[in-house]
S.K.: 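Sharing a structure, written as structure tokens. Questions coming.
Chain letters run A, B, ... following the sequence lines, proteins first, then strands; residues in each count from 1.
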Amino acid sequence: MPIQSLNGALRALLLVAIFFAGVWSQSSGVIEDFLWYLPDVQYLAIQHLWLTAISGSLAILVAIPLGIVLSRPSMARWAESLMQVLNVGTTIPTLAVLALSMSFLGIGAVPAVFGLFVATLLPITRNTYAGLKGVDPALMEAAAGIGMSSTQRLMRVELPNALYVIFAGMRTALTINVGTVPLAFLIGAGGLGELIFTGIDLYDPVMMLSGAIPTALLAIVVDALIATVAFLVVPRGVNPSRA
Amino acid sequence: MELIQYALDNIDLLVTRTLEHISLVGVAVGIATLTGVPIGIAITKNERAAKSVLYAASIIVTIPSIALFGIMIPVLSLIGQGIGYLPAVIAVLLYSQLPIIRNTYTAINNVDPALREAARGIGMSPNQRLRFVEIPLAVPVIMAGVRIAVVLNIGVMAIAAYIGAGGLGTFISRGISQSDPRQLIVGAVAVSLLAIIVDYTLLFVQKRLTPRGMELDASTA
Amino acid sequence: MIQLDNLTKVFDTPEGAVVAADHISLEVPSGEICILLGPSGCGKTTTLKMINRIVTPTSGKVFISGEDTTDMNTQDLRRNIGYVIQQIGLFPNMTIEENITIVPKLLGWDKAKYKARAREMMAMISMEPDAFLKRFPSELSGGQQQRIGVARALAADPPVMLMDEPFGAIDPINRAVIQDEFLKMQQELNKTIMFVSHDIDEAIKMGDRVAIFREGKLVQHSSPDDLLAAPKNAFVESFLGEDRALKRLNLVKVQEVVSDEIATVSPGDTLETALARIEDYGYQNAILMVNDRRQPVGLITRAKARTTKGYCRDHFESVPGTVTLDDDLRKVASLMFSQDATWLPCVDDQGRVCGQITQRAMTHHLGSRFRAREAAPRKPDSAVKE
């Protein structure tokens, strides 16, 4: 299989490249430069994660109940049009969301958290709604037919069966959130964006990378973390990744 | 009122920036389609390759755009292109890969095996099958991928204003640095409207490209 | 017991009111299976679903075990009615055990009791508890899933069961197996069951009684045999099909048609005796030869008896086949056709000859009901009388 051997070749190339990059960075003293930024990186990364944690958990706390309420049969009349609005909302670039948030709420952490909250809210609400609406009607009839109350149906049948889709929404939303936090620096809320944007302004590559690499890693880690949680939490029978 | 007045006063600049924005995203996504579709088709032949390619593309999308710029600038500086047009185009190119490759791959994979067998049965070669059956059936889904890529990258492009790539993001960046809410809001609204209008336009194109009697699966739309 | 009293459902649609079920009155005695049968859109499913209020009745009453359910709490009502649907509707997020025990849990059984019940149910549907209880529905075949669906409905031991085309999505071979298993279970459980079907053969096989629906009205409600023998009107007749007399073959047992008068010879008799006996009884072709335990061992043909001299034991031919008292006429007919026989000997549990069944007797038995109906004055449209 040629692809497999190509893969092997690429892997070997990558190892060689990492080795030479290491040798070069050692000899040129870049590593020392990076270490100089380490305390800043630590401080800003924590700030970064706080912004994500606060805005993200607020968004989850609002989005999931909102999605549930919209999916109730009594809401059917407005739900579809409201989802249209939310769909339009998700196409708005996050920078624009933050900019609009700043123009109404000023600068600082509050407008940043609000902007992040809005950007995170939409995908989660959308997936919660779609996940619950996507539950097989036959299941709902069976659940009603054996005498479950509407709360029991929601808790034991609808939510467990929609959970995979809801988690997919949270994963997308929180990854966007972590990736948008650097922009929050622009409206004065701190985070790793400080190193990146200041690095760009000062044209300091080491500073830029000290911000950019941890930001990228954070996003990948958060993404993988939620994927892991979903893998563990979503029941095996309705979890495609555990089939 | 003040905002509308500002927008009208600067209508020329607004149009220029919008065209800049569109052309940059358009060129980059265009190139991405030319690379992504063949890759998507190629990986239908090998499931392992498909898995690793899709995994790599999804990791790339996970990397925040500003972090990607931050990483690219020092590298591209080696050829004197650290800021400006080139890093923005490369970022858009990279981000477009996942939606386009993924949609091409799933579209071709989802072609009804019965159709494929029928095509083989009437004596089509593998290449003819691809040309006359699989690709035509996959076009609407591929178009959906292109649409996702375009909308995503209108947002990425707005951020690229910070590395000097121009576009509507410059209104936002100047608005912030000069504490000028008029520029800020006009920029934000303009870029949002652009994303929404382009989304709907491409949705319309996508529907036109869908042969009658073939409904698009909601999950790939 | 299930009683429906003038049960009616009117749906309001943009095109106006549609009467899906029109004053349906029906009684299913305890321990019986009543099949609701009819073309799609005839109101059979609506009628079934009004019993557990998946569809709310517009008017009319439902009595279960003699009790009016109108003022019962919907959830309590449903928890005491087993419910099986065509799409099965097993909860994919729950294991097989959780699916089976959900109703007992809702009813507040304690853990040890419902766990034991799950194993009991698995034994009842002949599935290995240790192999299946911890699995998920997606890991089972369609037939296995439907067995679990039946087990879930039976778990809390409800006196009454509603089944909406329960075996409709299963392939024909597995369907027959599951139907047989279900009938065997029902012999022990004696549930009162209402069962929706659009398959006439299934209705005849499963039903103690069959209720035929058309355009929201109950057209005929009778036993499968009565239904096939005496359809009330042209609609029922055409719905049952032109081969309805053949379908009755399934329903009639040999013991209803058998004649215990049968002459035999023994191996020690002479062919002369055999011929005399053939003449005496007016047999056309042959006479049966039995051993000293009265088990059939051969046939002496008329031609042989007439042209040859000697003992029967030296000149017999093989027996084309035998039938037992519990066989249905369908099997008998099939055996007769394949062996080109006009009669077959009938044997008991020990294989001893106890009578014979003839083509003439079969056609006479099946035809008698039709003749009775022809003779009676035919009321115009006696069906719609509710």
Side-chain angles (χ1 to χ4, degrees), chain A residues 1-4 6-7 87-104 107 130 134 171 175-176 178-183 185-188 192-193 195-197 199-201 203-224, chain B residues 42-43 45-46 48-49 52 58-59 61-75 77 82-83 151-159 161-164 168-169 171-173 175-177 179 181-185 187-200 218-219:
Chain A
M1 296 251 261
I3 298 286
Q4 273 171 334
L6 185 66
N7 254 343
N87 280 339
V88 170
T90 45
T91 57
I92 296 177
T94 48
L95 181 63
V97 175
L98 280 177
L100 290 173
S101 172
M102 175 189 167
S103 47
F104 293 111
I107 57 168
R171 193 172 158 189
T175 311
I176 292 174
V178 177
T180 308
V181 174
L183 306 181
F185 159 74
L186 299 172
I187 61 172
L192 287 165
L195 290 172
I196 305 175
F197 284 105
I200 292 173
D201 281 347
Y203 202 72
D204 178 346
V206 175
M207 193 173 180
M208 250 184 271
L209 289 175
S210 311
I213 292 173
T215 304
L217 288 179
L218 268 186
I220 292 170
V221 167
V222 166
D223 183 54
Chain B
I43 59 177
K45 308 288 175 215
N46 184 319
R48 276 184 58 135
S52 26
S58 70
I59 290 282
V61 171
T62 310
I63 298 173
S65 47
I66 189 65
L68 191 63
F69 291 141
I71 294 167
M72 269 193 307
I73 290 168
V75 178
S77 301
I83 55 172
V151 172
L152 175 79
N153 283 308
I154 287 177
V156 171
M157 187 55 206
I159 297 165
Y162 278 93
I163 57 165
L168 288 167
F171 284 103
I172 300 177
S173 69
I176 291 173
S177 60
S179 298
R182 291 177 313 176
Q183 288 193 57
L184 187 66
I185 295 176
V189 169
V191 80
S192 306
L193 283 179
L194 181 64
I196 293 166
I197 292 168
V198 167
D199 189 35
Y200 274 102
S219 62

S.K.: What residue, out of A/Val178, A/Thr175, A/Val181, A/Thr215, has the most heavy-atom pairs lying under 4.5 Å from chain B?
M.R.: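 Of A/Val178, A/Thr175, A/Val181, A/Thr215, A/Thr215 has the most heavy-atom pairs under 4.5 Å with chain B.
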S.K.: Is A/Leu209 close to B/Pro74 at the side-chain level, that is, under 4.5 Å between some pair of heavy atoms?
M.R.: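 The answer is yes, as the side chains (C-beta and beyond) meet within the 4.5 Å cut-off.
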S.K.: Which pair of heavy atoms, one from A/Ala212 and one from B/Ala67, lies closest together, and at what distance?
M.R.: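 Where A/Ala212 meets B/Ala67 most closely, the heavy atoms are CB-O, 3.2 Å.
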S.K.: Which atoms of B/Ser77 come close to chain A, meaning under 4.5 Å heavy atom to heavy atom: side chain ones, backbone ones, both, or neither?
M.R.: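 Both backbone and side chain.
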S.K.: Identify the two heavy atoms, one from B/Gly155 and one from A/Pro93, that lie closest to each other, and give their separation to 0.1 Å.
M.R.: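 Minimum heavy-atom contact is CA-CB, 3.5 Å.
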S.K.: Roughly how far, to the nearest 0.5 Å, is CD1 of B/Ile163 from CZ of A/Phe197?
M.R.: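 Between atom CZ of A/Phe197 and atom CD1 of B/Ile163 there are 10.0 Å.
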S.K.: Out of B/Val151, B/Ile66, B/Ile63, return the one with the most heavy atom pairs under 4.5 angstrom to chain A.
M.R.: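 Winner by heavy-atom pair count: B/Ile66.
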S.K.: Among A/Pro182, A/Gly179, A/Pro214, which residue has the highest count of heavy-atom pairs closer than 4.5 Å to chain B?
M.R.: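 Looking at each option in turn, the highest pair count goes to A/Gly179.
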S.K.: Kindly give the heavy-atom pair with the smallest separation between A/Thr91 and B/Ala195, and that separation in Å.
M.R.: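 Shortest heavy-atom separation between A/Thr91 and B/Ala195 comes out as O-CB, 3.3 Å.
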S.K.: For residues A/Ala99 and B/Ile172, report the shortest heavy-atom separation together with the two atoms involved.
M.R.: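 Scanning both residues completely, I find the closest heavy atoms to be CB-CG2, 3.8 Å.
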S.K.: Please classify the contact of A/Ile220 with chain B as side chain, backbone, both or neither, using a heavy-atom distance under 4.5 Å.
M.R.: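 Both parts, backbone and side chain.
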S.K.: Where do A/Ile200 and B/Tyr162 come nearest, in terms of heavy atoms and distance?
M.R.: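 Residues A/Ile200 and B/Tyr162, closest heavy atoms: CG2-O, 3.8 Å.
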S.K.: Measuring from atom CD1 of B/Ile196 to atom OG1 of A/Thr90, what distance do you get when rounded to the nearest 0.5 angstrom?
M.R.: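 These two atoms lie 9.0 Å from each other.
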S.K.: If you compare all heavy atoms of A/Ile196 against all heavy atoms of B/Gly70, which two are closest, and at what distance to 0.1 Å?
M.R.: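 So the two residues come closest at CG2-CA, 4.4 Å.
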S.K.: Identify which one of A/Leu186, A/Leu183, A/Ile107 satisfies the side-chain contact (heavy atoms from CB on, under 4.5 Å) criterion when paired with B/Ile176.
M.R.: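 Only one of A/Leu186, A/Leu183, A/Ile107 forms a side-chain contact (heavy atoms from CB on, under 4.5 Å) with B/Ile176, namely A/Leu186.
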S.K.: Only pairs of heavy atoms separated by less than 4.5 Å count here; which of B/Ile73, B/Leu168, B/Leu68 has the most with chain A?
M.R.: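 Going by pairs under 4.5 Å, I would pick B/Ile73.
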S.K.: Would you say that B/Val189 contacts A/Leu100 through its side chain, given a criterion of any heavy-atom pair below 4.5 Å between the two side chains?
M.R.: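 Yes, their side chains come closer than 4.5 Å.
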